[in-house]
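Structure first, commentary second.
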Amino acid sequence: MSIEANFKQYKRFLEKIDIAKYTVICNDSRFRVAAYNKLDSTKGYLVLREDGDVASRDEAIPPYRMFIAFNSYMFGLYEQGQAESNKPTAIFKDTINLLNEIKPFVTASKDDIEIAIKNIQELDNGYKRIKEILPEAMKIFNEMMKEGILDQTVLENISSLMEEFTCLQYKHLYIQIRAKNQFVSISTELSTVLNKLSGEERKIAVKAEDVFKFLTEEKYQSGLRKSLIDFEKDPQGDQIPFFERSNWQEALNQNSDDKNDILFEKTLLSQLRN
């Protein structure tokens, strides 16, 4: 029986079959995977050997897991990558210029200005790298589709980009949260010298105060802290500040893997029809 015919055997009422346009190579064997969709929702999956026979459940789980992981990473990189790449990063350069312009107005917070500039430059570099990651992922995806093969090497390459992307997102949140101390210190000193300034200097100082007020106000900072929860919540629901650890990248990625394992075992595995 053909691959298409075997996939149709497991189709349920009103479902549409979406057969992946590539072969999954796992444990030196080749497999085809199809999703069963109904009303814009995936209801199940089936894994066949490349000869068209239905794989046993034990045999089907590893390639199914590869298929799920690859598509999950690609979806995350595409959706989040576009959102992150569309953020107005020109503000980083503008803020650095503003900090340099107010240097002559302060004395006690000069070190805070230097720290703030360093942090913003790190953010700028991080976002430049984020904008490179999605095109790299799409190149891997397009090459994989051209070859029609999803193997462990392709999965590992996409997984590595996803890990880097996640670490950058997480690190950027902490940089912005910790930068509050510098901006508060700078703003405090600016407020004491504002009355001594006039003309263009005063305009620059007022603008700086407005920018720093936005970056330090509770609404903005609470949004950053809220975003941390998705990264730091462990499988038990506890929030763990990984960034405080020396091996925070490894710990963060392991936490993501643990949560993905639980999601697979508790939810996605039940959708496998083998």
Side-chain angles (χ1 to χ4, degrees), residues 76-77 79-135 164-233 239-246 248-249 252:
L77 285 169
E79 291 292 314
Q80 297 176 46
Q82 282 195 321
E84 292 289 305
S85 296
N86 289 334
K87 289 183 177 178
T89 54
I91 194 173
F92 296 141
K93 184 177 180 180
D94 292 342
T95 306
I96 289 175
N97 290 338
L98 193 58
L99 285 163
N100 281 320
E101 285 180 312
I102 65 169
K103 276 184 182 179
F105 310 156
V106 300
T107 53
S109 56
K110 282 188 182 294
D111 288 345
D112 291 301
I113 288 178
E114 295 301 329
I115 294 172
I117 290 174
K118 181 180 178 181
N119 287 336
I120 296 170
Q121 188 62 62
E122 191 168 7
L123 279 174
D124 192 30
N125 292 337
Y127 273 99
K128 286 176 181 176
R129 175 57 188 149
I130 277 179
K131 290 181 178 181
E132 296 171 344
I133 289 177
L134 179 56
E164 183 183 4
F165 182 84
T166 300
C167 285
L168 283 170
Q169 284 183 300
Y170 182 62
K171 182 180 182 180
H172 292 167
L173 289 172
Y174 260 99
I175 289 174
Q176 293 174 85
I177 289 170
R178 293 184 172 182
K180 178 180 178 179
N181 293 333
Q182 280 76 48
F183 288 126
V184 167
S185 176
I186 298 166
S187 295
T188 300
E189 186 172 6
L190 268 182
S191 66
T192 64
V193 301
L194 193 60
N195 291 335
K196 302 175 185 178
L197 302 175
S198 60
E200 190 63 26
E201 289 185 343
R202 183 178 176 85
K203 284 175 62 177
I204 293 171
V206 169
K207 181 180 179 181
E209 277 198 317
D210 289 341
V211 171
F212 303 157
K213 180 181 179 182
F214 171 77
L215 294 173
T216 57
E217 66 182 6
E218 182 56 27
K219 181 180 179 181
Y220 180 75
Q221 288 288 317
S222 64
L224 295 173
R225 292 194 299 271
K226 186 176 180 181
S227 296
L228 281 179
I229 296 174
D230 291 335
F231 293 94
E232 296 188 336
K233 188 174 289 186
Q239 189 172 350
I240 302 175
F242 298 109
F243 202 72
E244 296 177 3
R245 301 181 179 181
S246 59
W248 67 267
Q249 293 102 327
L252 179 67

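What you see below is based on every heavy atom in this structure, not just the backbone, and it leaves out hydrogens, waters and symmetry mates.
Between Arg129 and Glu164, at least one side-chain nitrogen of the basic residue sits less than 4.0 Å from a carboxylate oxygen of the acidic one, meeting the salt-bridge criterion. No salt bridge links Arg202 with Glu209; every basic N to acidic carboxylate O contact stays at or beyond 4.0 Å.
In this structure, Lys171 places its NZ atom where only 12 or fewer heavy-atom neighbours from other residues, nucleotides or ligands lie under 6.0 Å away.
Proximity of a side-chain donor or acceptor of Asp124 to a complementary backbone N or O of Ile120 within less than 3.5 Å is not detected. Judged by distance alone, with hydrogens and angles left aside, the side-chain atoms of Gln121 form no donor-acceptor pair with the main-chain N or O of Ile117 at under 3.5 Å. Ser185 places no side-chain N or O within donor-acceptor distance of the main-chain N or O of Asn181, the cut-off being under 3.5 Å. Between the side chain of Lys110 and the backbone N or O of Lys103, at least one donor-acceptor pair lies under 3.5 Å. Although no hydrogens or angles enter the test, the distance criterion places a donor-acceptor pair under 3.5 Å between the side chain of Glu189 and the main chain of Ala108.
Closest heavy-atom contact between Tyr220 and Gln176: OH-OE1, 2.5 Å. Contact between Gly81 and Leu134 at its shortest, heavy atoms only, is C-CD2, 4.1 Å. Pairing each heavy atom of His172 with each of Tyr127, the nearest pair is ND1-CE1, 3.5 Å. Heavy atoms only, all atoms of each residue included: Leu194 and Ala205 are closest at CD1-CB, 3.6 Å. In plain terms, the two heavy atoms of Glu217 and Phe214 that are nearest each other are CG-O, 3.3 Å. When all heavy atoms of Ala116 and Leu99 are compared, the closest pair comes out as CB-CD1, 3.9 Å.
Rounding to the nearest 0.5 angstrom, the gap separating the NZ atom in Lys203 from the OG atom in Ser198 is 12.0 Å. Summarising the geometry, atom CG belonging to Leu215 is positioned 9.0 Å from atom CG belonging to Leu224; distances are rounded to the nearest 0.5 Å.
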Can Val211 and Asp94 be said to form a side chain to side chain contact (heavy atoms under 4.5 Å, CB included), step by step? CA-CA 10 Å; Val211 171; Asp94 292 342; over 6 Å; no

Stepwise, does the side chain to side chain contact (heavy atoms under 4.5 Å, CB included) test hold for Asn100 with Ile96? CA-CA 6 Å; Asn100 281 320; Ile96 289 175; 3.7 Å; yes

Might you work through the side chain to side chain contact (heavy atoms under 4.5 Å, CB included) test for Gln221 and Ile177, ending with a clear yes or no? CA-CA 6 Å; Gln221 288 288 317; Ile177 289 170; 4.0 Å; yes

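Defined by atom type and a distance below 3.5 Å, a donor-acceptor pair is missing between the side-chain atoms of Tyr170 and Gln249.
Looking at Gln80 and Thr166, their side chains never come closer than 4.5 Å, going by heavy atoms from C-beta outward.
Relative orientation of the Phe243 and Tyr174 rings is parallel, given thresholds of 30° and 60° on the angle between their planes.
When each of Glu84, Lys131, Lys128 is paired with Thr89, the side-chain hydrogen bond (donor to acceptor under 3.5 Å, both in side chains) condition holds for Lys131 and for no other.
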